[in-house]
Amino acid sequence: MHFELASDFVINDTLKPHVGDNFRVAAPGLPLHQCPDTGNAIYPKIMTTGSGNGIHEPAFFAKIVSMTGRDKPKVVYIGTPFFDREDKYESGTKSFRAIGCRIKRLMVAKECTTPSPEEMRRIIVDFPDVIVVSGGNSLFAMLRWQSIGLDLLIKEAAMKGIVLCGGSAGCGCWFDTMQTDSLKPEACKLSERVLTELSAEERLNWSFVRISCMGYLNAFCVPHIDTKGTNEVARVDIAKKMLLDAQLESGMENPIIGFGVDELAGIVYENGKVTIMSLGKRKNGIGEATCHILYVDQRREVMCIPLTPNTGEAATLEELIERAMRSVEALQSPLDLIVSEEISISHAVHRRGVSGAVDWGLIEATAPVKTPEADAPLVADQLPPLPPPPSHPHQRTPSNLLYSPAPINIERIANDITTTTFEERCATPPPPPLPPHTHQRTPSNLQYSPALHNIGRTSEDSHGINSCRNDHDKVPVGELPPPPAPSSVGLFHQGRMAAAAAVVEQHNPNLPPLFPRGDLPAIKVCNSHSI
């Protein structure tokens, strides 16, 4: 299949039918191949950021250069997501030009500029030390690469150890799936001219979509997760809705994991392990830029857990997921707060990953308590033996880690992944000239279809929730219904808290009771949060 846009204005109607296409060239999260000499698994080398030109930040750029092993690496720039615009090429290669790198530019957005298959192989596989992919329209890039076999050449380059890098579209394209704004009206080559002809309402009339990508990292990528789209919808809110819908469709037994990337955060992927980098505060000045693990728990609530950046530690994606889940479970266990030697509100919030997700009074009331004799904090060994904790069916470990395939039309034909070669893909004869498009858009007849999904939260929804809470607060205590019977998990945690309280009171007889009998506190956990 050869794909090409009919004009520089055609976006929504042309791309929308391909939202469910499958663009994978690798089994998600698995090695590309085994080295025949050593038998070692070969993974791609990737350095990517949440924003389009984030790779030019000094810390990120230095990491890319060091990954190549050369002082002046040879660079291939692929600007397909930005339709091979000249100004984007200049800004996307500025740091490499500044240190004297040799740069080749691959222009494949149009058939007339696409080189021959032999020349593409020389450019992509034989020449570079690093391949740079621009930001822009991810869905268009995936379609165009697949139609000319460029996706297979990039995979071949990755198998040789060539570094892959980029931001925004050049970030999500390496993952199994990604969230993209490819259907917004200005996501075309002449975006500035399109915007001048749109009303304010038309500019907002589009929706994010979830598409499959090349499949090197097994997660649902959300670039720019700490920002809003031009439709004024928070990307994190839509990502949670997409993740929940995909999870319910595939079944809760096959966890789907989201991986959000702040604009000033970066990901290094080497030898199958991930390292998180950060440039400091987010652009809005609230919180530190980082990456986030998103998943659906057994209560069908989407959790969004920030990872700690700049530790220098490399971990597999499975290990990061397990740590994120454990951090939530730790704050849901009251004993962890009672006997912890070092606990603070900021630390607890960071572990939980949400603002206002814990009971501040509980954390302050359960600060470390030292005994007068030993002047040491209580430890778990001083408490009576406890039954084993309840098992969590959603807990993931390397031994039982399961992944669902991509969201829509995700069964890739086996030959496309294992046996189809670049030469076979290119053997397809070129298509006839494009027929006239009745839907072709020009500045004179520019029209845009309505949004795909109405999945944004409305102000009425929030107002309704607040109204219910206020009404509940006005009900007299005597008229409230009796509380439900505690679950087995709740009884287990209450028993642990009672045991801890007994030890505290034993060593501190003059202190008031740590917790009044029958009124043990409970941790308040929010459903999710917005970044």
Side-chain angles (χ1 to χ4, degrees), residues 19-20 22 24 27-30 172 175-179 208-213 215 217-222 225 235-260 291-307 316-333 351-354 357 388-412 453 455 457 461 484 486-490 492-493 523-531:
V19 168
N22 185 15
R24 287 174 191 78
L30 297 182
F175 284 76
D176 182 52
T177 58
M178 72 173 292
Q179 179 194 85
F208 291 99
V209 291
R210 182 173 179 240
I211 65 172
S212 76
C213 298
L217 284 85
N218 192 10
F220 164 48
C221 182
V222 187
I225 193 173
R235 295 174 188 265
V236 64
D237 292 339
I238 302 303
K240 291 177 181 178
K241 177 66 167 59
M242 290 177 173
L243 190 62
L244 181 60
D245 290 345
Q247 187 69 82
L248 295 179
E249 181 181 349
S250 67
M252 295 298 294
E253 66 277 5
N254 298 320
I256 302 176
I257 299 302
F259 198 92
C291 297
H292 311 260
I293 296 292
L294 294 88
Y295 69 95
V296 181
D297 65 13
Q298 289 301 105
R299 297 170 299 175
R300 299 187 176 182
E301 297 173 352
V302 181
M303 312 302 292
C304 186
I305 313 301
L307 303 173
T316 64
L317 191 58
E318 291 81 5
E319 291 171 342
L320 294 178
I321 293 166
E322 187 174 2
R323 291 178 191 176
M325 291 183 173
R326 284 182 177 178
S327 71
V328 175
E329 294 174 1
L331 278 181
Q332 291 174 343
S333 171
R351 290 170 59 195
R352 180 65 178 83
V354 295
S391 61
H392 294 272
H394 65 279
Q395 184 170 347
R396 297 156 61 106
T397 63
S399 61
N400 68 358
L401 204 60
L402 298 176
Y403 293 95
S404 69
I408 317 169
N409 186 20
I410 49 172
E411 292 187 359
R412 179 82 173 230
H453 308 286
I455 56 180
R457 180 177 295 173
D461 292 337
S487 64
S488 59
V489 177
F492 169 72
H493 286 314
I523 291 182
K524 300 177 181 178
V525 180
C526 292
N527 295 341
S528 57
H529 81 293
S530 296
I531 298 175

Least distance between heavy atoms, [X] atom then [Y] atom:
{"X": "Met242", "Y": "Phe220", "answer": "SD-CZ, 3.9 Å"}
{"X": "Ile293", "Y": "Ile257", "answer": "CG2-CG2, 4.1 Å"}
{"X": "Met252", "Y": "Leu248", "answer": "SD-CD2, 4.2 Å"}
{"X": "Ser212", "Y": "Asn22", "answer": "OG-CA, 3.3 Å"}
{"X": "Cys213", "Y": "Gly172", "answer": "SG-O, 3.5 Å"}
{"X": "Arg210", "Y": "Ala246", "answer": "NH1-CB, 3.1 Å"}

### Query
With a 4.0 Å cut-off, would you call Lys241 and Asp237 a salt bridge?
no
Rounded at 0.5 Å granularity, tell me how far [atom1] in [X] sits from [atom2] in [Y].
{"X": "Phe259", "Y": "Phe175", "atom1": "CZ", "atom2": "CZ", "result": "5.5 Å"}
{"X": "Gln247", "Y": "Leu294", "atom1": "CD", "atom2": "CG", "result": "12.0 Å"}
{"X": "Ile225", "Y": "Gln179", "atom1": "CD1", "atom2": "CD", "result": "7.5 Å"}
{"X": "Ser327", "Y": "Ile305", "atom1": "OG", "atom2": "CD1", "result": "5.0 Å"}
{"X": "Glu319", "Y": "Arg326", "atom1": "CD", "atom2": "CZ", "result": "10.0 Å"}
{"X": "Lys240", "Y": "Arg235", "atom1": "NZ", "atom2": "CZ", "result": "15.5 Å"}

### Message
Are Met178 and Ile211 packed together at the side-chain level, in the sense that at least one heavy-atom pair is separated by less than 4.5 angstrom?
### Response
yes
### Task
Would you please test Val296 and Ile256 for side-chain contact (heavy atoms from CB on, under 4.5 Å) and show each step?
CA-CA 8 Å; Val296 181; Ile256 302 176; over 6 Å; no
